[in-house]
Amino acid sequence: MTTAPAKPAKPAAIGWTRDDMARLAALDIPDGSYVNLGIGIPELVAQHVPAGREIILHTENGLLGVGPAPAAGQEDPELINAGKKPVTAIPGAAFFHHADSFSMIRGGHIDICVLGAFQVAGNGDLANWSTGEPDAIPAVGGAMDLVAGVKTVFILTEHNTKSGAPKIVGKCTYPLTGLRVVGRIYTNLAVIDVRPEGLVVTAVAPGVSWEDLAAKTGAPLIDGRAKLQAKA
Amino acid sequence: MTTAPAKPAKPAAIGWTRDDMARLAALDIPDGSYVNLGIGIPELVAQHVPAGREIILHTENGLLGVGPAPAAGQEDPELINAGKKPVTAIPGAAFFHHADSFSMIRGGHIDICVLGAFQVAGNGDLANWSTGEPDAIPAVGGAMDLVAGVKTVFILTEHNTKSGAPKIVGKCTYPLTGLRVVGRIYTNLAVIDVRPEGLVVTAVAPGVSWEDLAAKTGAPLIDGRAKLQAKA
Amino acid sequence: MINKRVGSAAEAVADIHDGATVMIGGFGEAGSPIELIHALIDRGSRDLTVVSNNTGSGHVGLAALIENKQVRKMICSFPRTANSTVFPELYRAGNIELELVPQGTLAERIRAGGAGIPAFYTPTAVGTQLGEGKEHRNFNGTEYVLEHGLRADFALVMANLADRYGNLTFNKTARNFGPIMCMAARTSIVQVREMREPGGIDPEAIVTPGIFVKRVVVIPEPAQESQLVREGACYP
Amino acid sequence: MINKRVGSAAEAVADIHDGATVMIGGFGEAGSPIELIHALIDRGSRDLTVVSNNTGSGHVGLAALIENKQVRKMICSFPRTANSTVFPELYRAGNIELELVPQGTLAERIRAGGAGIPAFYTPTAVGTQLGEGKEHRNFNGTEYVLEHGLRADFALVMANLADRYGNLTFNKTARNFGPIMCMAARTSIVQVREMREPGGIDPEAIVTPGIFVKRVVVIPEPAQESQLVREGACYP
């Protein structure tokens, strides 16, 4: 009898975990905000709202006041989020139709949305809906409406693609979702503000050097950490 | 002791009464129609819907399913019609806001509206919102929306003004409510269709001669009565 | 914890500044937020642009606000009232501006403002005085005019029920402009008859979701404008 | 007497002709009128233009309608589904057209169609592929694109309660596109779980007033699309 070959050890994750990233983003969401969370990593933000804060979650398919996921067996196929996953509604929730829902988005009533990204450019351009491959089925959903209408757009994403390419780039090569729309980027390596002067790094994950960060980023970065400390 | 001088006899009203006019208009409203009734004489139409027909009355201030006037003492200042008079709501009524209400109007969902008129021109132009006098306070309400959006516009009006001037004219001199919008006119003297070929009289009130009618009308009339009888 | 309730009408309108654009709900007296309007009279803000379907009755509510010379300009569809001479007199004397808008266009402009639509085309008013000077355009053989979305700094609205999130229901035809004005104003201020606990209003029956509401004041028994007018009341 | 109830889904869709534009409600399976769609498959109308947010799942409902080659063109925002290859295969083979519209623009175009607005400006998609070739215009320093109202010959919608006037309520997030599609279609056909007597639905809580509804079919227990997909069901 031979032993199975040992699996190669998973490389140690670099920087923050997804929960760390979600926690950082949640810390930046003021009490009382109306927030739309994109599908994927952004959904984790709901679990990290600091104690004592109340935020109201909007899902574009017609619900304000999204609650936690239902207990197993309690799912209702007519109570879902934009990712088509079962959710619950908090007491004080409201249901509405799609035109009203996107009036909230387009009309500037949603304070913050947290989205994923394929690419973010140094000027805040975002690409997160299509890889532009010739045989891809194009599907945009509400992404373009969200970035056009929501007051502040947070991006929550791994800093690099699975193949190691930077997601923060000088210029997006994928089809754009919106022009100059991103306000802040939370990755596993850093928190980066998109400002008129460029991409300003306000925090770097423990164990990540500035050189590491710069090497994994496709656009120039400005170190804004000292400035922050000076303020404090 | 002297007797009071006899009041001058009120001249015999010519042609149809207002109730007659409303009854004629009501006869032309198909079962199941959605109808908006203007302020004044048009309101009478509601009382003359033929037995066996059901029509749904819309009032632009947010109610579909207007019922009869409330009994004295039962008025609710928050349940009124576009003329700001107390009304009731039928079982099966629905309330909605102003943007939805005018979506019904502008979107072509109301089948018929019955309006008053200052002037109607031979081509169907309507003037019913302003006399254009320099010191008049202009007030349009929903009149322009109704004529622009409702499928069929009926006019219910006295044939002539109090001073005897024709209300049916070659060209409106008062500010217009809409261009080529009127479908049919019910007056105390006649029922007149507005058609591409001109104003076609389909009925004349008892005791009114064609010459009387023509003399009291400011636009050419086509006699459509024979044609109707030929059809029957 | 989110709690949009404020203690008084005075507190609710305290930041309405001179020169503000204020949408005021109501169709005639139905839905007119009379206590909020009176608080605005007490506040004394001047040079206001008011968006409201009418211009008020008698010498209370909206008519009193106008009579008190706080309104520079009215944007409305029907500024005539049987029982009020306040607006007509000021207008004839050239002391108040009027932008007359067809009622459906007014409603749609307010809704557009709230929905992030800067402009839209409508068939209403084509060929009339109220369409003159406006951009015209033909779509599929029909003429339309371009109209612009309307936004406001504040809205004063009367609703029926609210919860601390600002979710609202309305009462019958008092709903009228309230929901769309809440959408179109940066700060919407609502007087309601009653507060409920969250969940105390059926989430399927909420007419205005709380996201459109900034402040709620409870006025359990609002004054009835027509009764005040019959009594010859004047405010202040 | 007005009575919009018809006896069966088959009867309700019997006049949906070849070449018709059909709006179909639903966001994923929530609000998808599966029995009406299956009746349309039975009816066999071809060359349809379908306006719907998605393209269906598995081999039932909307996916089955597409698979049955009845749809010439889809107007939708998100034609990708984890568990359906029906649309992608036809699309890659060039056998179905796609007009991809951002979800909020799709909703607003439908609402505009129903509200008599032929066109409006929106900030969504400016600077993107989906804004290319569209008329652009600047209002107050911001760029917008012109979008056109959408109407349809028919709408197929799932609601919850109805009365004989066609007044409707919906259930939770199954409301989504239903109310606006009822507005935008010349003939809107609605399946509901239950009919009530007039007055049996609170007039303040009616979401879609009956004026927007032409026919109602009662399907007390509609099939659950995700369950059918799990079971590997195919229609017909």
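Chain letters run A, B, ... following the sequence lines, proteins first, then strands; residues in each count from 1.
- Closest approach of C:P79 and B:P138 over heavy atoms only: CG-O, 3.1 Å.
- Checked against side chain to side chain contact (heavy atoms under 4.5 Å, CB included), B:R184 has the following partners two or more places apart in sequence or in another chain: B:D28, B:F154, B:Y186, B:V191, B:D193.
- For the pair C:I180 and B:A99, the tightest heavy-atom approach, listed with the atom from each and the gap, is CG2-CB, 3.8 Å.
- Interface remark: B:F95 contributes backbone and side-chain atoms alike to the contact with chain C (heavy atom separation under 4.5 Å).
- If you measure heavy-atom distances from B:I80 to chain C, the contacts under 4.5 Å come from both the backbone and the side chain.
- The candidate with the highest count of non-hydrogen atom pairs below 4.5 Å against chain C, out of B:A148, B:A143, B:G62, B:G141, is B:G141.
- If you tally non-hydrogen atom pairs under 4.5 Å between each of B:P77, B:G178, B:A82 and chain C, the highest count goes to B:P77.
- C:V101 touches chain B through its backbone: at least one of N, CA, C or O sits under 4.5 Å from a heavy atom, while the side chain does not.
- Of the listed residues (C:A30, C:P102, C:A107), the greatest number of heavy-atom pairs within a distance under 4.5 Å of chain B belongs to C:P102.
- Only the side chain of C:F87 comes within less than 4.5 Å of a heavy atom of chain B; its backbone N, CA, C and O stay farther away.
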Taking only distance into account, so ignoring hydrogens and angles, what donor-acceptor contacts under 3.5 Å exist between chain B and chain C?
from   : atom 1 : to     : atom 2 : distance (Å)
B:D76  : OD2    : C:K172 : NZ     : 3.2
B:E78  : O      : C:T173 : N      : 2.9
B:E78  : O      : C:T173 : OG1    : 2.8
B:E78  : OE1    : C:N171 : ND2    : 2.6
B:E78  : OE1    : C:R193 : NH1    : 3.4
B:E78  : OE1    : C:R193 : NH2    : 3.4
B:E78  : OE2    : C:R193 : NH2    : 3.0
B:I80  : N      : C:T173 : OG1    : 3.0
B:F95  : O      : C:R175 : NH1    : 3.4
B:H98  : N      : C:N176 : O      : 2.9
B:H98  : NE2    : C:Q103 : OE1    : 2.7
B:R106 : NH2    : C:G104 : O      : 3.2
B:D135 : O      : C:R92  : NE     : 2.7
B:D135 : O      : C:R92  : NH2    : 3.1
B:I137 : O      : C:R80  : NH1    : 3.0
B:V140 : N      : C:S77  : O      : 2.9
B:G141 : N      : C:S77  : O      : 3.0
B:G141 : O      : C:Q103 : N      : 2.9
B:D145 : OD1    : C:G104 : N      : 3.4
B:D145 : OD1    : C:T105 : N      : 3.4
B:D145 : OD1    : C:T124 : OG1    : 3.1
B:D145 : OD2    : C:Q103 : N      : 3.3
B:D145 : OD2    : C:G104 : N      : 2.8

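- Residue contact with chain B, scored on non-hydrogen atoms closer than 4.5 Å, is absent for C:L106.
- Neither the backbone nor the side chain of C:M183 comes within contact range of chain B, judged by heavy atoms closer than 4.5 Å.
- Chain C forms more heavy-atom pairs under 4.5 Å with one residue of B:L146, B:V147, B:L179 than with any other, namely B:L179.
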